[in-house]
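Have a look at the structure below before the remarks.
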2 protein chains.
Amino acid sequence: MAKFDVKQEVTDKFSLRGRVFHKLRDDILSGKYAEHEELKEVAIGEELGVSRTPVREAFRQLELEGLIQIIPNKGAYVTGITEKDVRDIYMIRSLLEGLCARWATEHITKEQMEEMEENVYLAKFHADKGHWEQLAELDNRFHDIMYEACDSKMLEHQLKDFHQYVLRVRKKTLNNANRGSKSNEEHEKIMLAIKAGDADLAEKLANEHISNAYENMVKNGLYEAYQK
Amino acid sequence: MAKFDVKQEVTDKFSLRGRVFHKLRDDILSGKYAEHEELKEVAIGEELGVSRTPVREAFRQLELEGLIQIIPNKGAYVTGITEKDVRDIYMIRSLLEGLCARWATEHITKEQMEEMEENVYLAKFHADKGHWEQLAELDNRFHDIMYEACDSKMLEHQLKDFHQYVLRVRKKTLNNANRGSKSNEEHEKIMLAIKAGDADLAEKLANEHISNAYENMVKNGLYEAYQK
DNA sequence: ATCTGCATAATTGTATACAATTATGCAATC
DNA sequence: GATTGCATAATTGTATACAATTATGCAGAT
């Protein structure tokens with residue numbers, strides 16, 4: 001009577017299609033392919049040692065993830081993201097993260113609260129030591145905890161969708177200046193607001209947290225990777 | 001030097017895969033398939049007179065549209081939407097429509113503004129006459145105008161995504177009571193706020209518009225179609 | 001030199017064959 | 001009767017062949 005697993009990831013890591021999907025996604029996000037570059041089915045297939053069928057299916061998924069665009073009978077092209085797109089994404093995400101923090105305040109479990117506290121204190125340690133790799137990992141994890149804690153698969157899905165875009169710019173954001181520790185200080189405030197049950201404050205702080213991340217990114221000129 | 005068409009719909013209406021995609025989407029949204037019903041590749045293919053290949057690709061798209069869920073090596077199942085999911089969707093959409101109204105206030109063109117006014121006044125006429133079909137059509141169109149007017153392909157994409165879910169509940173909402181004319185009165189207020197350049201008011205009204213639509217839906221018990 | 005028309009090549013769209021996995025039914029066992 | 005094991009069927013996953021569409025290059029006209 002077990003219902004099918006709702007937590008199932010949309011992409012299967014073990015099928016050929018799943019491997020193609022993950023490989024292409026990583027390559028696009030890491031910048032291996034230029035924007036607007038055309039992806040050929042046979043070329044990708046030969047590179048990975050698979051036929052066109054799984055490649056085509058991976059293409060359909062990447063299209064709806066917003067990473068490529070398929071034009072019928074022509075080809076698949078890596079999507080371009082403009083400066084305005086990035087700004088819009090951060091503004092939308094700011095709203096949604098705020099709502100997520102609000103709902104998390106209302107629904108977080110004891111275990112999730114404990115992991116969130118642990119995350120903040122561990123991140124403080126790594127920030128002091130300058131361990132940017134671990135810090136970035138913990139930063140991602142903090143947000144994932146909040147997504148899970150908000151107890152809404154709809155909102156979680158939306159926010160994780162945005163993550164695909166955000167990853168294209170955010171990966172370098174925590175390395176420079178002291179955004180890393182600054183970010184974690186903001187996490188701590190959000191965490192404390194959630195712990196105190198102050199949903200209004202949590203929402204406001206989460207809003208600002210994303211806005212600040214955006215401001216920091218602009219200040220450091222990470223836009224350069226994107227077309228005007 | 002023409003760049004590829006960014007406005008291109010994600011699904012091609014003329015390819016076999018496109019036809020399968022649209023057919024299945026309509027059938028799912030219209031309730032032809034029960035929730036959690038399994039969709040078999042061969043059965044769908046035979047019904048539409050096509051092979052499994054275009055069916056499989058349509059499945060991958062429907063999955064990312066959130067209408068079905070594919071479990072590797074098992075099958076494709078129509079997604080279930082719980083009452084909580086519906087509530088979450090409307091709350092998220094309320095936020096995003098508010099942002100959309102704000103941006104529309106800042107970016108709407110003269111032509112779009114005129115179409116929006118025309119939409120409202122035409123809808124008033126049909127509401128008086130009790131033409132619910134046309135009213136529903138105009139209602140959808142009003143929101144599409146606003147999505148286009150906000151001048152953000154990212155936000156537009158998000159809101160249209162939600163539309164897939166919302167269509168499953170909203171289609172009957174305008175038929176009963178006087179929600180139809182009530183909805184249009186709210187459209188008019190939003191339109192006037194946008195025309196007056198009052199972004200704060202437009203945002204607030206758009207927020208409330210979606211909330212009201214949700215409240216109305218709950219009041220009329222449209223939830224019954226969904227699992228607990 | 002540029003443009004047009006057409007033959008050819010390259011690429012995507014679809015159908016089908018086969019492999020791998022999962023579901024089903026039934027007999028044997030307890 | 002319930003359960004296990006296994007043979008069989010049903011279904012999905014992948015590869016490949018062929019069709020349809022689009023891109024390319026070149027000859028000839030202007």
Side-chain angles (χ1 to χ4, degrees), chain A residues 1-25 28 33-34 36-64 67-79, chain B residues 1-25 28 33-34 36-64 67-79:
Chain A
M1 190 57 66
K3 291 175 62 175
F4 58 78
D5 183 9
V6 178
K7 289 284 181 183
Q8 164 85 39
E9 258 290 310
V10 289
T11 53
D12 167 20
K13 281 196 174 61
F14 304 105
S15 65
L16 293 188
R17 173 193 50 72
R19 276 182 25 217
V20 173
F21 175 82
H22 285 281
K23 177 69 161 55
L24 286 177
R25 187 169 71 172
I28 291 172
Y33 300 111
H36 298 146
E37 181 168 345
E38 185 170 2
L39 301 181
K40 307 273 178 64
E41 293 174 0
V42 279
I44 303 290
E46 279 175 5
E47 190 183 327
L48 301 178
V50 301
S51 76
R52 287 173 52 215
T53 308
V55 174
R56 281 180 62 85
E57 295 188 8
F59 276 16
R60 298 293 173 201
Q61 299 194 284
L62 289 165
E63 178 181 37
L64 292 218
L67 294 175
I68 68 173
Q69 182 180 24
I70 297 174
I71 299 177
N73 290 313
K74 294 193 93 180
Y77 304 86
V78 176
T79 55
Chain B
M1 190 55 69
K3 294 174 63 174
F4 57 78
D5 184 10
V6 177
K7 290 284 181 180
Q8 163 85 38
E9 259 289 312
V10 289
T11 54
D12 166 18
K13 281 196 173 64
F14 303 107
S15 65
L16 293 188
R17 173 194 49 73
R19 274 181 27 216
V20 174
F21 175 81
H22 284 282
K23 177 69 161 55
L24 286 177
R25 186 168 73 172
I28 292 171
Y33 300 111
H36 298 144
E37 182 168 343
E38 184 170 2
L39 300 181
K40 308 273 178 64
E41 294 174 0
V42 279
I44 303 289
E46 280 175 4
E47 190 183 328
L48 301 178
V50 301
S51 74
R52 287 172 54 216
T53 308
V55 174
R56 283 179 62 84
E57 295 187 7
F59 276 15
R60 298 294 174 201
Q61 297 193 282
L62 289 166
E63 179 181 36
L64 291 218
L67 294 175
I68 67 173
Q69 181 180 25
I70 298 173
I71 299 177
N73 290 313
K74 295 193 92 181
Y77 305 86
V78 177
T79 55

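Model, not experiment: these values are computed from the prediction. Labels below follow one simple rule: chain letters A, B, ... track the order of the sequence lines, proteins then strands, and each chain is numbered from 1.
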Requested in this report: Please tell me if the side chains of A/Val20 and A/Val50 come closer than 4.5 Å, counting only heavy atoms from C-beta onward.
Outcome: yes

**Report entry** B/Arg25 and B/Gln61 side chains, donor-acceptor separation under 3.5 Å
**Finding:** no

Query raised in the report: What is the distance, rounded to the nearest whole Å, between atom CD1 of A/Ile44 and atom C1' of C/dT12?
Result: 14 Å

Report task. Using a strict cut-off of less than 4.0 Å between a Lys/Arg side-chain nitrogen and an Asp/Glu carboxylate oxygen, indicate whether B/Glu47 and B/Lys23 qualify as a salt bridge. Result -> yes

Requested in this report: Over all heavy atoms of both residues, which pair between B/Phe59 and B/Ile44 is shortest? Give the atoms and the distance, please.
Outcome: CZ-CG1, 4.3 Å

Query raised in the report: Would one find a side-chain N or O of B/Arg56 under 4.0 angstrom from OP1 or OP2 of D/dG13?
Result: yes

Please tabulate, one pair per line, each protein N/O and nucleotide N/O from nucleotides 6-11 of chain D that are separated by under 3.5 Å, including the distance.
from: D/dT11; atom 1: OP1; to: B/Lys40; atom 2: NZ; distance (Å): 3.0

Report summary line: All heavy atoms of B/Leu48 vs all of B/Arg19, minimum pair found to be O-NH2, 4.1 Å

Query - Nearest non-hydrogen partners of B/Ile68 and B/Thr79, listed with the distance - result: C-CG2, 3.5 Å

Atom pairs under 3.5 Å, N or O on each side, protein against nucleotides 16-19 of chain D: can you list them with distances?
from: D/dT16; atom 1: O4; to: A/Thr53; atom 2: OG1; distance (Å): 3.3

**Report entry** For atom CZ of A/Arg19 and atom C1' of D/dT14, their distance in whole Å
**Finding:** 12 Å

Query - Rounded distance (nearest 0.5 Å) linking atom CD of B/Gln69 with atom CG of B/Leu62 - result: 13.0 Å

**Report entry** Distance in angstrom units between B/Ile70 CD1 and C/dT21 C1', rounded
**Finding:** 16 Å

**Report entry** Toward the 5' end of DNA chain D, by each residue's nearest nucleotide, A/Val50 or B/Phe59
**Finding:** B/Phe59

Report summary line: To the nearest angstrom, the CZ-P distance between A/Arg60 and C/dT14 comes to 8 Å

Query raised in the report: Atom CZ of B/Arg17 and atom P of D/dT21: how far apart are they, to the nearest Å?
Result: 15 Å

Requested in this report: Kindly indicate whether the side chain of B/Tyr77, heavy atoms from C-beta on, has any atom under 4.5 Å from the side chain of B/Leu39.
Outcome: no

Query raised in the report: Rounded to the Å, how far apart are B/Tyr77 OH and D/dT12 C1'?
Result: 11 Å

Query raised in the report: Once you round it to whole Å, what is the distance between P of C/dT21 and CD1 of B/Ile71?
Result: 17 Å

**Report entry** Side chain to side chain, B/Arg17 and A/Arg60, heavy atoms closer than 4.5 Å
**Finding:** yes

